[in-house]
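See structure below.
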Amino acid sequence: MRNNIFAHIDCNNFYASCERVFNPLLRNKPVVILSNNDGCIVARSEEAKALGIGMGVPYFKVKNVIDQNKIFVFSSNYTLYGDLSERVMNVLSNFTPNIEYYSIDEAFLSFNKIYLNNLTDYGKSIKEIVLKNTGIPVSVGIAKTKTLAKIANEFVKKNSKLNGVFDITNFPKMDRLLQQVPVHDIWGIGSQYAKLLMKNHVLSACDFKNIDEHWVKNKMGVVGLRTCLELREISCINLEETIKAKKGIMSSRSFGRYVTELDEVEEAVSQYTTRAAEKLRMQNSVCGSLYVFIQTNHHKLHEKQYSTGRTISLQEPTSYTPELIKEALYILRKIFKKGYKYIKAGVYLSSIIPGSDIQLSMYKNTEHTKLNSVMKAVDGLNLIWGRDTIKFASSGIEQKWKMNMCYRSNRYTTNWDELLMIRI
DNA sequence: TCTGGGGTCCTAGGACCC
DNA sequence: TCTGGGGTCCTAGGACCC
């Protein structure tokens, strides 16, 4: 029997909720979390939203409001958020084997309705158990397609009477419900398509649902068409249950300050390559090409701008960090120009294939095995003793270019030195 | 002074081949 | 001087997501 019901689970204000789990003083207080480099606001508690702090706005623009209202500010602490996310997902996976880990704070579950007589009650128990076991509040939207489940969840967030769960699998007035959803709030409709649709007098999810299919296919391709059909309760976006290996791996950061000297950019690029290669090995892959880019600050129009990057194809696919660093620095030295104030650099690994695909065919087989075991040992030590216990000299010691992280909370769950201390 | 960092999929068009 | 049609593969770019 086919699963025909989807639940969308969304952690409420996830990063803010994570901070609250280990810091009860933050309960009922306004909290915001900053992006990497303490640049923008990326998460807000309800209280902070109520004070008018917008999503994605640069920190310096709202710093006054934040200070005046004594809003708590945190740098992002992805180590902590990643760990709590894993805990939430673990709890969710007890409810059904059919689960998609959609993002750090969202999941889709699917199940068969005939085994459940009351979906709303089921949703409530999901919510209660996740909260009890992890301390993270979630909301639940239930529908016949993933797109509609997302929409149901949006209603949950706007309407406290729903108590965190909204089941629209047999909603009697679906059109009236969808009329309340602006077209740009539909999952899969971004700013460009929203503009196009509004120009054509398609203003709500209801309008989009009832639009001519051929027009959609023509203007928005098959992706747009799928979204349209999903609003008609025809499920065409499947649950992605298997975690696929990444096809591209990026590591890039803005610098904490301007960098003008080659040797400092070299340190950064070396560090980012190290990080990307770790991710690559984590999924047991190797990469066949590598892209390096550097950028000046494009927000400063009056400053001299230079933004460039270059790709290199590797002779043999590899995940061996020293080799990748060598290639990355080779590119960097080709593209680097003196006389500019650089603000960001990055490394992107692509042409990714499973490591097992090359090992057999490699004539330098034994050499490969040796290098692999070296990297395995390094990864193992860094896992146990913390990131960068063993690092590469080319990444520098002082790392003056490092991003700002002025307000980071402790990594309560993953670092021995940062466990929660309780005085008794 | 200060503006994030990742990813995915699809499509159009060019290169190349027979 | 004329100069087909169909297929594949690759890449860049555009849309989207969190």
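Lettering follows sequence order; numbering is per chain, from 1. All values reported here derive from a predicted model rather than from experimental measurement.
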### Task
Could you check whether the rings of A/Y340 and A/Y342 sit parallel, tilted or perpendicular, using 30° and 60° as the cut-offs?
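It falls in the tilted class, 30° to 60°.
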### Task
Please state whether the rings of A/W187 and A/Y102 are parallel, tilted or perpendicular, taking 30° and 60° as the class boundaries.
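The arrangement is perpendicular - the two ring planes meet at more than 60°.
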Measuring from the side chain of [X] (C-beta onward, heavy atoms only), which nucleotide among [options] has the closest atom?
{"X": "A/S191", "options": "C/dC16, B/dC10, C/dC17", "answer": "C/dC16"}
{"X": "A/R253", "options": "C/dA15, C/dC18, B/dG5", "answer": "B/dG5"}
{"X": "A/Y193", "options": "B/dG4, C/dC18, C/dA15", "answer": "C/dA15"}
{"X": "A/W187", "options": "B/dT11, C/dA15, C/dC18", "answer": "C/dC18"}
{"X": "A/F60", "options": "B/dC2, C/dC18, B/dG7", "answer": "B/dC2"}
{"X": "A/K300", "options": "B/dG5, B/dC2, C/dC18", "answer": "B/dC2"}

### Query
If you pin A/P58 and A/V223 to their nearest nucleotides in DNA chain B, which one's is more 5'?
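On the 5' side of the pair lies A/P58.
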### Task
Report the residue (A/I343 or A/K246) whose heavy-atom-nearest nucleotide on DNA chain B is the more 5′ of the two.
A/I343
Base, sugar-phosphate alone, or nothing: which one does [X] contact when heavy atoms must sit under 4.0 Å apart?
{"X": "A/S76", "answer": "nothing"}
{"X": "A/D105", "answer": "sugar-phosphate"}
{"X": "A/L34", "answer": "nothing"}
{"X": "A/V222", "answer": "sugar-phosphate"}
{"X": "A/I189", "answer": "sugar-phosphate"}
{"X": "A/K195", "answer": "nothing"}
{"X": "A/I186", "answer": "sugar-phosphate"}
{"X": "A/Y101", "answer": "nothing"}
{"X": "A/G248", "answer": "sugar-phosphate"}

Salt bridge flag under 4.0 Å for residues [X] and [Y]:
{"X": "A/D83", "Y": "A/R411", "answer": "no"}
{"X": "A/E240", "Y": "A/K146", "answer": "no"}
{"X": "A/K150", "Y": "A/E230", "answer": "no"}

Side-chain N,O ([X]) to OP1/OP2 ([N]) below 4.0 Å:
{"X": "A/R226", "N": "B/dC10", "value": "yes"}
{"X": "A/S103", "N": "C/dC17", "value": "no"}
{"X": "A/K279", "N": "B/dG7", "value": "yes"}
{"X": "A/K247", "N": "B/dC9", "value": "yes"}
{"X": "A/K344", "N": "B/dG5", "value": "yes"}
{"X": "A/S252", "N": "B/dG6", "value": "yes"}

What integer distance in Å separates [X]:[atom1] from [N]:[atom2]?
{"X": "A/E106", "N": "B/dT8", "atom1": "CD", "atom2": "P", "answer": "17 Å"}
{"X": "A/N404", "N": "B/dT3", "atom1": "CG", "atom2": "P", "answer": "9 Å"}
{"X": "A/Y102", "N": "C/dC16", "atom1": "OH", "atom2": "C1'", "answer": "8 Å"}
{"X": "A/K61", "N": "B/dG4", "atom1": "NZ", "atom2": "P", "answer": "11 Å"}
{"X": "A/H302", "N": "B/dT3", "atom1": "NE2", "atom2": "P", "answer": "12 Å"}
{"X": "A/N218", "N": "B/dC10", "atom1": "CG", "atom2": "P", "answer": "18 Å"}
{"X": "A/K341", "N": "B/dT3", "atom1": "NZ", "atom2": "P", "answer": "12 Å"}
{"X": "A/K219", "N": "B/dA12", "atom1": "NZ", "atom2": "P", "answer": "13 Å"}

### Message
Tell me whether the count of non-hydrogen atoms from other residues, nucleotides or ligands lying under 6.0 Å of CD in A/E86 goes above 12.
### Response
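No, CD of A/E86 has 12 or fewer neighbouring heavy atoms, counting only those of other groups under 6.0 Å.
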### Task
Tell me the partner of C/dA15, counting only Watson-Crick (N1-N3 plus N6-O4 or O6-N4) or G-U wobble (N1-O2 and O6-N3) with both under 3.5 Å; none if nothing fits.
B/dT8
### Message
By the definition side chain to side chain contact (heavy atoms under 4.5 Å, CB included), identify the one residue from A/S254, A/S252, A/S307 that meets it with A/Q295.
### Response
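Option passing the side chain to side chain contact (heavy atoms under 4.5 Å, CB included) with A/Q295: A/S307.
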